[in-house]
Amino acid sequence: MNGTEFQRRVWAACRMIPAGKVVTYAEMAQFLDCGSPRAIGQALRRNPDAPATPCHRIISSKLSPGGYSGEEAGPELEKKLTLLAGEGVVFRDGQLSEIQRLWQFPRD
DNA sequence: GGAAATATATGAT
DNA sequence: ATCATATATTTCC
């Protein structure tokens, strides 16, 4: 089995995010009933199925890209931004260009 | 079992 | 804007 139960939950949530949209760590934490978005980052950074799990659709609550592959900034982060751009999500001045790209988990 | 580390968030300075 | 604290989970020793 891969990772712990918590990680599986985080990755599953990632896979339910539609393309062209992004979700904040806080939103996912709330959806998973987790009181700390930090745990989300920990699970995402150790994701065993990087291409299968759209972990690049997770951003910070300030609409900033956040980080990627264990680095808050670097070539990997740029790759994440490029991937998002390919899905229609564009960042401007370190923040999400269009707020409508923000997605949230179904609360019902 | 305990300490260190982390892709954050929030409050204070 | 920057620093310090809080919180949850993982990984290393």
Side-chain angles (χ1 to χ4, degrees):
Chain A
M1 294 299 287
N2 12 7
T4 68
E5 188 179 72
F6 182 76
Q7 281 192 342
R8 283 189 280 164
R9 214 177 341 158
V10 173
W11 302 329
C14 277
R15 276 183 258 137
M16 63 162 61
I17 302 174
K21 301 255 172 176
V22 286
V23 186
T24 64
Y25 290 97
E27 190 69 39
M28 182 173 279
Q30 203 176 89
F31 176 71
L32 298 177
D33 199 43
C34 179
S36 188
R38 253 182 189 212
I40 307 286
Q42 279 292 52
L44 288 179
R45 86 172 284 218
R46 278 153 158 124
N47 78 333
D49 303 290
T53 304
C55 45
H56 56 266
R57 291 182 191 148
I58 314 297
I59 64 173
S60 74
S61 70
K62 292 174 188 157
L63 305 183
S64 44
Y68 200 65
S69 187
E71 294 183 355
E72 53 182 289
E76 295 299 303
L77 179 60
E78 288 185 39
K79 203 145 81 173
K80 164 180 177 178
L81 298 183
T82 301
L83 281 168
L84 288 173
E87 296 183 353
V89 181
V90 219
F91 281 85
R92 174 151 191 152
D93 193 49
Q95 285 200 303
L96 190 63
S97 183
E98 299 178 71
I99 185 65
Q100 54 183 340
R101 296 294 184 192
L102 189 60
W103 187 76
Q104 9 190 342
F105 288 93
R107 47 165 150 177
D108 184 21

>> With salt bridge (Lys or Arg N to Asp or Glu O under 4.0 Å) as the rule and sequence neighbours excluded, what pairs involving residues 88-104 of chain A come up?
In response: none

> Can you pull the salt bridge (Lys or Arg N to Asp or Glu O under 4.0 Å) pairs that have at least one residue in residues 70-83 of chain A, sequence neighbours excluded?
Replying inline: none

> How far does CD1 of I99(A) sit from CG of L63(A), to the nearest 0.5 angstrom?
Replying inline: 4.5 Å

> Can you list the residues that meet the side-chain contact (heavy atoms from CB on, under 4.5 Å) rule with F91(A), with sequence neighbours excluded?
Replying inline: I59(A), P65(A), L81(A), L84(A), V89(A), L96(A)

> Out of curiosity, M28(A) CE to C34(A) SG, how far, rounded to the nearest 0.5 Å?
Replying inline: 11.0 Å

>> Through direct or indirect side-chain contacts below 4.5 angstrom among Ile, Leu, Val, Met, Phe, Trp and Tyr, which residues connect to V90(A)?
In response: none

> What heavy-atom pair brings A26(A) and P37(A) nearest, and what distance separates the two atoms?
Replying inline: N-CB, 4.2 Å

> Of the residues in residues 42-70 of chain A, which ones touch DNA chain C at a heavy-atom distance under 4.0 Å?
Replying inline: Q42(A), R46(A)

> Considering only heavy atoms, which members of residues 9-25 of chain A lie under 4.0 Å from some atom of DNA chain C?
Replying inline: none

> Does one hydrophobic cluster hold both F31(A) and L44(A), with members joined at side-chain heavy-atom distances below 4.5 Å?
Replying inline: yes

>> Can you tell me if N2(A) has over 12 outside heavy atoms packed within less than 6.0 Å of its CG?
In response: yes

>> Could you write out DNA chain C as dot-bracket? Rules: Watson-Crick or G-U wobble, both distances under 3.5 Å, brackets [ ] for crossings, | for pairs with another strand, dot for unpaired.
In response: ||||||.||||||

> Going 5' to 3' along nucleotides 1-7 of chain C, which nucleotides have protein heavy atoms under 4.0 Å from the base (write B), which only from the sugar-phosphate (write S), and which from neither (write -)?
Replying inline: -----BB

> Would you say P48(A) and Q7(A) make side-chain contact, with heavy atoms under 4.5 Å?
Replying inline: no

>> Test: side chain to side chain donor-acceptor pair (under 3.5 Å). Region: residues 51-69 of chain A. Which pairs qualify, not counting sequence neighbours?
In response: H56(A)-E87(A), R57(A)-E87(A), S60(A)-S64(A)

> Rounded to the nearest Å, what distance is computed from the CD atom of residue E72(A) to the C1' atom of nucleotide dA5(B)?
Replying inline: 13 Å

> If you group Ile, Leu, Val, Met, Phe, Trp and Tyr by side-chain heavy-atom gaps below 4.5 Å, do F105(A) and I40(A) land in one group?
Replying inline: yes

> For DNA chain B, which residues in residues 73-107 of chain A have a heavy atom at a distance below 4.0 Å?
Replying inline: none

Between N or O atoms, less than 3.5 Å apart, protein on one side and nucleotides 1-4 of chain B on the other: list the pairs.
none

> Can M16(A) be reached from F6(A) by stepping across I, L, V, M, F, W or Y side chains whose heavy atoms are under 4.5 Å apart?
Replying inline: yes

> Among pairs that include at least one residue of residues 11-31 of chain A, which meet side chain to side chain donor-acceptor pair (under 3.5 Å), considering only residues two or more places apart or in two chains?
Replying inline: none

> Are V23(A) and L32(A) joined in one hydrophobic group, where the rule is that I, L, V, M, F, W and Y side chains link up if heavy atoms are under 4.5 Å apart?
Replying inline: yes

>> I'd like to know whether CD of Q100(A) has more than 12 heavy-atom contacts from other residues, nucleotides or ligands below 6.0 angstrom.
In response: yes

